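In this text the structure is predicted, and so the values were computed from the model without any measurement. Indexing begins at 1, ligand by ligand and atom by atom, following the structure's order.
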Amino acid sequence: MPDVSNEPATHNSPETALSETNQAGLIPETVESLIQELATHNSPENAPREINPAGSIPETAERHIREPATHTSPKAARSEINQAGLIPEAVESLTQELATHNSPGHARSGINQAGSIPETAETPLQATDRVVGLVPDQSELPAAKSADCIHNLARLLTDRLQQNHGCCHTTEDDEVIAKGTHPIARDPIDRHSVASSFSPPFGYHLTPKLESLLTQLKHVVDGTLERNHLTKLRHTLNEKLSRIAGPAVTANIDCPKLLARLADNFEFVNSYEYGAGVERIPDDSEFNIGCPCNANENGCDPSICDCLSIEEDSDDRIVPYQICESNPKLIVAKKDFLRRKAIIYECNSRCGCSGDRCWNHVVQQGRSVRLEIFDTGPRGLGLRSPDFLHRGQYIDLYLGEVIIKAEAEERENLTDGSHTQSYLFSLDWNVKDDEDEDRNMKVVDGRKFGSATRFINHSCNPNCKIVPVSTTNHVDEYLYNLAFFAIRDIAPGTELTFDYTQGDEQTTPAEVDPDAVPCLCGEANCRGQLWPNKRKGQGSRP
Ligand SMILES: C[S@@+](CC[C@H](N)C(=O)[O-])C[C@H]1O[C@@H](n2cnc3c(N)ncnc32)[C@H](O)[C@@H]1O
């Protein structure tokens with residue numbers, strides 16, 4: 001990238017520089033055409049007369065942007081213009097700079113297909129045009145001095161392009177990123193640095209026209225940086241999404257702030273991440289035994305399957321799954337099971353029914369539906385599926401860092417009193433009392449690591465439910481999966497929601513806690529708040 005401040009202009013006689021640049025394909029065709037147009041119409045003496053004093057692009061030049069230039073060889077045109085001092089080097093450098101950051105091929109195809117001037121191509125066009133437009137003011141500000149001013153600006157803009165490859169976060173985003181454990185390190189950017197640091201060399205004055213040119217250049221460079229940054233964020237995010245196991249998880253997000261938060265500050269994981277101090281019973285513990293069902297006879301038999309939980313008031317085993325009525329290839333959670341509070345113990349490889357061929361083996365098969373993270377507006381990001389979801393269909397797991405209760409409390413205290421989003425989910429299904437909770441309970445934190453379900457918002461009239469599911473390790477009662485199931489048929493593209501107070505008493509509070517996070521679900525039965533502010537983390541306790 002050329003340093004226009006220090007580089008002697010020797011090897012760049014304007015002619016050579018332009019021809020070199022053109023060989024490298026760096027100057028968009030439209031700029032060429034305009035230069036030709038200007039050269040044809042503007043001999044140095046004619047220029048002030050011909051060019052619209054208001055600084056807009058002359059009609060003739062506009063026309064030529066769409067027409068192939070025929071009558072003037074670019075080389076000759078440039079040489080004429082340069083002799084007249086009408087194309088300052090700085091504009092040339094800036095043209096190159098912008099062209100480098102915005103592939104010329106791309107710029108050209110944008111121009112040609114749309115038949116209009118894209119923003120990126122506008123810079124050199126406008127710059128050239130307006131610089132020429134300065135000629136009438138030469139008595140006030142000699143062209144050479146104008147060029148110096150622009151040169152100075154071009155250096156600052158170039159520095160800015162070199163220093164950061166497009167970080168245009170807001171201060172708020174920088175804060176969010178600074179708090180994260182996995183940020184892509186970026187220095188905070190002062191968006192006004194160019195404007196505030198530019199001042200004309202001593203003794204030079206800026207005409208209003210030049211000042212407006214400089215402002216335009218700055219906006220174009222800022223816009224270019226912003227676009228480059230968004231492209232990079234999308235790339236980063238798509239890479240992360242592509243590493244998620246199973247059918248596609250995509251993101252449909254335009255808001256730069258939300259995009260930055262997701263791309264820079266969140267990692268998708270395919271299983272739990274275990275934090276410090278989390279004790280686990282190993283899967284191969286001698287106490288983990290399978291059921292006696294026989295794969296070669298009746299398969300898994302609900303009347304004898306030891307994996308199934310037993311009803312409290314009878315010896316009946318609770319059968320959680322059935323064949324889906326509207327799609328016989330699908331095993332879904334039973335309607336009556338979804339209404340109750342119960343944990344699912346699935347069969348696994350230790351079982352006589354050989355686990356993976358057993359009907360009681362749904363969550364372990366993994367996600368089978370596609371998901372899309374999208375911008376809901378007032379509720380931040382949300383989740384939906386482009387697929388039709390059947391009632392009882394398993395959707396995905398809620399994943400994240402598994403941490404001990406004390407750690408969860410510390411994390412929650414950091415955000416206490418604020419309406420910061422909460423991603424804590426207590427694994428409290430088998431917790432007996434407060435002492436047991438303090439000693440054994442674990443919490444899943446989906447803030448920095450998680451799955452797509454971490455974006456499921458709350459609704460007071462939800463279409464999903466979270467169910468505790470134990471799969472390969474039935475003896476570790478404090479560690480199980482949190483699995484989302486559809487509780488009714490869900491049309492493609494419908495936002496997925498669940499009740500954040502699931503398991504708690506779900507009555508409309510007499511008065512909404514003024515410190516609580518207000519609920520924006522918009523349902524007729526909305527309770528007005530997500531959680532009472534005293535407890536933001538969710539739990540699955542029955
Ligand atoms: C688990 S996150 C859900 C994803 C979140 N919307 C995001 O952008 O990352 C929970 C947070 O989402 C927001 N949220 C979820 N449901 C909401 C609702 N019904 N009304 C208002 N905010 C909601 C709250 O800020 C809550 O703390």
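Looking only at atom types and distance, the side chain of Ser303 has a donor-acceptor partner in the side chain of Asp301 under 3.5 Å away. A donor-acceptor contact under 3.5 angstrom links the side chains of Thr471 and Asn481, judged on distance only. Counted by atom type alone, His458 and Thr497 present zero donor-acceptor pairs between their side chains at under 3.5 Å.
Set against the non-hydrogen atoms of Phe455, the atoms of ligand 1 under 4.0 Å away are 4 (C), 9 (O). Using a 4.0 Å cut-off to heavy atoms of Pro518, the atoms of ligand 1 that qualify are 20 (N), 21 (C). Every atom of ligand 1 is numbered from 1 in the order shown, and the set under 4.0 Å from a heavy atom of Arg454 is 1 (C), 2 (S), 3 (C), 4 (C), 9 (O). Residue Arg261 has at least one heavy-atom neighbour below 4.0 Å for each of these atoms of ligand 1: 7 (C), 8 (O), 9 (O). Distances below 4.0 Å separate heavy atoms of Asn457 from the following atoms of ligand 1: 3 (C), 4 (C), 5 (C), 6 (N), 12 (O), 13 (C), 14 (N), 15 (C), 16 (N). Here is the list of ligand 1 atoms found below 4.0 Å of a heavy atom in Tyr423: 1 (C), 2 (S), 5 (C), 7 (C), 9 (O).
Partner of Val444 under the side-chain contact (heavy atoms from CB on, under 4.5 Å) criterion, chosen from Leu424, Leu427, Ile403: Leu427.
With respect to the salt-bridge test (charged N to carboxylate O, under 4.0 angstrom), the residues Arg280 and Asp476 do not qualify.
Remark: ligand 1 and Gly380 share no N or O pair separated by less than 3.5 Å (distance only, no angle test). At a 3.5 angstrom cut-off on N or O pairs, Ile456 does not count as close to ligand 1.
Between Arg527, Arg447, His458, it is His458 that holds the heavy atom closest to atom 19 (N) of ligand 1.
More than 12 non-hydrogen atoms from other residues, nucleotides or ligands lie less than 6.0 angstrom from CD1 of Ile310.
Here the straight-line distance linking atom NE2 of His229 with atom OG1 of Thr224 works out to 14.5 Å at 0.5 Å rounding.
Residue contact check for ligand 1: Cys519 places a non-hydrogen atom closer than 4.0 Å to it.
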